There are 2 protein chains.
Amino acid sequence: MQDGNTQQPTQINIEASIVSGILSARIRPGTRLGESQLATLFDVSRTRIREAMMRLETRGIVTVFPRRGWYVVEPSAEEAMKVYSARRVIEFGLLRNMSHLPDAGLKMLSDHLAEERQAMAEGDRQRLTVLMADFHIRIAEIAGNEIIVETLRDLTARTILISMLYQSDFHASQSHDGHCRIFAAMQVGDFSGAAEYAVQHLNEVETGLDLTRRPDPLAALRTSLSLPPSNWKTKKEQ
Amino acid sequence: MQDGNTQQPTQINIEASIVSGILSARIRPGTRLGESQLATLFDVSRTRIREAMMRLETRGIVTVFPRRGWYVVEPSAEEAMKVYSARRVIEFGLLRNMSHLPDAGLKMLSDHLAEERQAMAEGDRQRLTVLMADFHIRIAEIAGNEIIVETLRDLTARTILISMLYQSDFHASQSHDGHCRIFAAMQVGDFSGAAEYAVQHLNEVETGLDLTRRPDPLAALRTSLSLPPSNWKTKKEQ
DNA sequence: CGTGTCAGCTTTGTATGCAAGATGGAAATA
DNA sequence: TATTTCCATCTTGCATACAAAGCTGACACG
């Protein structure tokens with residue numbers, strides 16, 4: 001009669017708070033996630049932290065360097081392209097397979113676009129990064145397939161990390177326009193067109209990245225030697 | 001100079017051998033995966049087993065019933081539909097985003113279809129189940145996006161579990177024909193058509209399932225009360 | 001001044017121990 | 001006989017202990 005499939009609440013909170021930290025652009029790529037550090041922070045033993053880390057690792061959000069530590073991933077240029085490519089595949093298929101836009105979805109998206117406009121007016125760049133990514137998750141939520149939502153959420157987390165690494169200049173209004181085009185097409189039931197706009201939008205965002213820029217001057221050497229990331233002392237703020 | 005990103009080999013083997021057991025239809029849905037059981041089987045401590053289980057859980061392949069045990073998932077009818085829906089989205093988008101079929105891919109697919117024909121001739125149903133699922137992973141591999149490959153592999157594992165639960169009669173030749181149509185379209189560079197055929201094929205397979213059939217008569221009640229699965233004593237054969 | 005070595009500290013990897021919860025069956029009761 | 005209670009047993013949840021390996025910095029040496 002109660003909740004089925006009870007999972008221990010803290011376990012999820014550890015995972016979720018790190019993911020949400022990334023989704024809200026508070027945790028930077030390369031951030032070190034020390035086990036005992038997090039253990040004291042969440043007031044649990046290292047065991048639980050490790051479990052959360054392993055889950056996050058299979059989701060592609062953190063990496064472990066054996067005997068050295070856990071780090072938030074710093075996607076390489078190649079990985080960044082793969083992430084965008086995967087998103088193109090999924091979002092295109094998602095929109096093409098939609099048949100109609102329910103009223104709740106319409107409201108959700110138009111509210112979201114209003115938020116984007118507001119953040120642009122206020123010039124809140126961090127908030128914009130979050131909103132720009134969230135738009136795509138919203139669409140998946142409207143489509144209603146939870147599996148796709150989860151996949152896209154993890155890809156979005158990685159996208160944000162990529163933006164933090166490679167986004168030199170932030171074309172917020174261009175992105176916003178892209179979202180508006182997608183929404184407009186959805187609104188009139190042209191999901192085929194919306195899908196095309198989505199691919200086009202993702203291409204624009206991807207070409208807006210400076211994939212030759214490296215996180216730090218030594219990064220090229222570092223990654224080619226598969227050494228650990230740079231931000232050694234960066235702690236999870238809070 | 002050697003391998004970067006070294007992960008402890010056994011860890012992966014535990015996970016991989018369970019997944020491959022499912023992909024080859026040797027492990028049935030609902031199979032109990034006892035921690036100490038697996039620990040002695042793989043000759044490691046429970047800790048490692050638990051880690052592997054948690055990874056598999058985030059991949060949607062096993063579930064834990066608190067204090068009762070780990071079980072290979074038994075997808076409900078609703079979950080089955082979500083899996084097929086997600087696959088339609090991904091495979092459609094995948095084919096639509098392909099631009100050409102490399103020679104290696106062409107050979108891989110035609111070899112695969114030959115294998116399918118052979119298995120059909122021999123009437124090897126288990127092998128057919130595996131091959132039918134594998135075809136779709138092959139396509140993702142040819143497209144070359146590892147993220148999509150991984151996602152699709154996990155969805156395929158679930159698909160096989162679904163087939164084992166709900167597939168009353170097995171229309172192998174129908175599936176094979178579907179694959180041939182997709183391949184033929186790809187061969188002439190008509191990826192748009194291939195994408196349509198893929199969706200159509202997945203629809204056929206899905207409607208071929210008897211989603212009203214329950215694994216066991218009490219399953220509906222059992223799952224609605226979120227009780228543990230049925231095959232209590234089923235051990236992982238070795 | 002630069003380089004190599006080593007000790008001590010820190011961090012992860014793995015096993016083990018113990019507690020809490022769930023199950024199944026025996027025993028007691030009506 | 002049918003039903004309920006309770007205990008022995010099993011399984012997971014979580015924490016802790018210890019081992020292995022990496023890092024840092026001091027010190028010695030060229």
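Below, chain A is the first sequence line, B the second, and so on; all start at residue 1. Atom set for the values below is all heavy atoms of this structure, side chains included, hydrogens, waters and symmetry mates excluded. In this text the structure is predicted, and so the values were computed from the model without any measurement.
Taking the six-membered ring for Trp, B:H136 and B:H201 have ring centres closer than 6.0 Å.
Between B:F92 and B:V199 the shortest heavy-atom distance is CD1-CG2, 3.5 Å.
Rounded to an integer number of Å, the gap from A:R48 CZ to D:dC14 P is 4 Å. Look at CD on A:E57: it is 13 Å from P on C:dT12, rounded to the nearest Å. Computed from coordinates, the B:F42 CZ to C:dA15 P distance equals 14 Å when rounded to whole Å. D:dT12 atom C1' lies 11 Å from atom OH of B:Y71, rounded to whole Å. Distance, B:L33 CG to D:dT12 C1': 14 Å, rounded to whole Å. B:Q37 places its CD atom 14 Å from the C1' atom of D:dT12, with the value rounded to the nearest Å. The distance from atom CD of A:E51 to atom C1' of C:dT12 is 15 Å, rounded to the nearest whole Å. If you take CD1 of B:I49 and C1' of C:dT16, they are 15 Å apart, rounded to a whole angstrom.
Side-chain nitrogen and oxygen atoms of B:R32 include at least one within less than 4.0 Å of the OP1 or OP2 phosphate oxygen of D:dT12.
A donor-acceptor contact closer than 3.5 angstrom is absent between the side chains of A:S36 and A:R46. In the model, B:T129 has no side-chain atom that pairs as donor or acceptor with a side-chain atom of B:S163 under 3.5 Å.
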Give me, pair by pair, the N or O atoms of the protein and of nucleotides 18-21 of chain D that are less than 3.5 Å apart, along with how far apart they are.
from   : atom 1 : to    : atom 2 : distance (Å)
D:dA20 : N3     : A:R67 : NH1    : 3.1

N/O-N/O pairs, protein side and nucleotides 6-8 of chain D side, under 3.5 Å:
none

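Taking 4.0 Å as the cut-off between side-chain N and carboxylate O, A:R127 and A:E115 count as a salt-bridged pair. Ionic pairing of A:E206 and A:R88 is present here: one or more N-O contacts between side-chain nitrogen and carboxylate oxygen are shorter than 4.0 angstrom.
A donor-acceptor pair is defined here as one N or O able to donate and one able to accept, closer than 3.5 Å; such a pair exists between the side chain of B:N145 and the backbone of A:K82.
Taking only distance into account, the side chain of A:S36 never meets the base of C:dT10 through a donor-acceptor pair shorter than 3.5 Å.
When the nearest nucleotides of DNA chain C are assigned to A:G69 and A:T47 by heavy-atom distance, the more 5′-ward of the two goes with A:G69. Comparing B:W70 and A:S45 along DNA chain D, the residue whose closest nucleotide (by nearest heavy atom) sits nearer the 5' end is B:W70.
Across A:R55, A:R87, A:R59, a single residue satisfies salt bridge (charged side-chain N to carboxylate O under 4.0 Å, His left out) together with A:D154, and that is A:R59.
Ring geometry, B:Y71 versus B:F65: the interplanar angle exceeds 60°, so the pair is classed perpendicular (tilted spans 30 to 60°).
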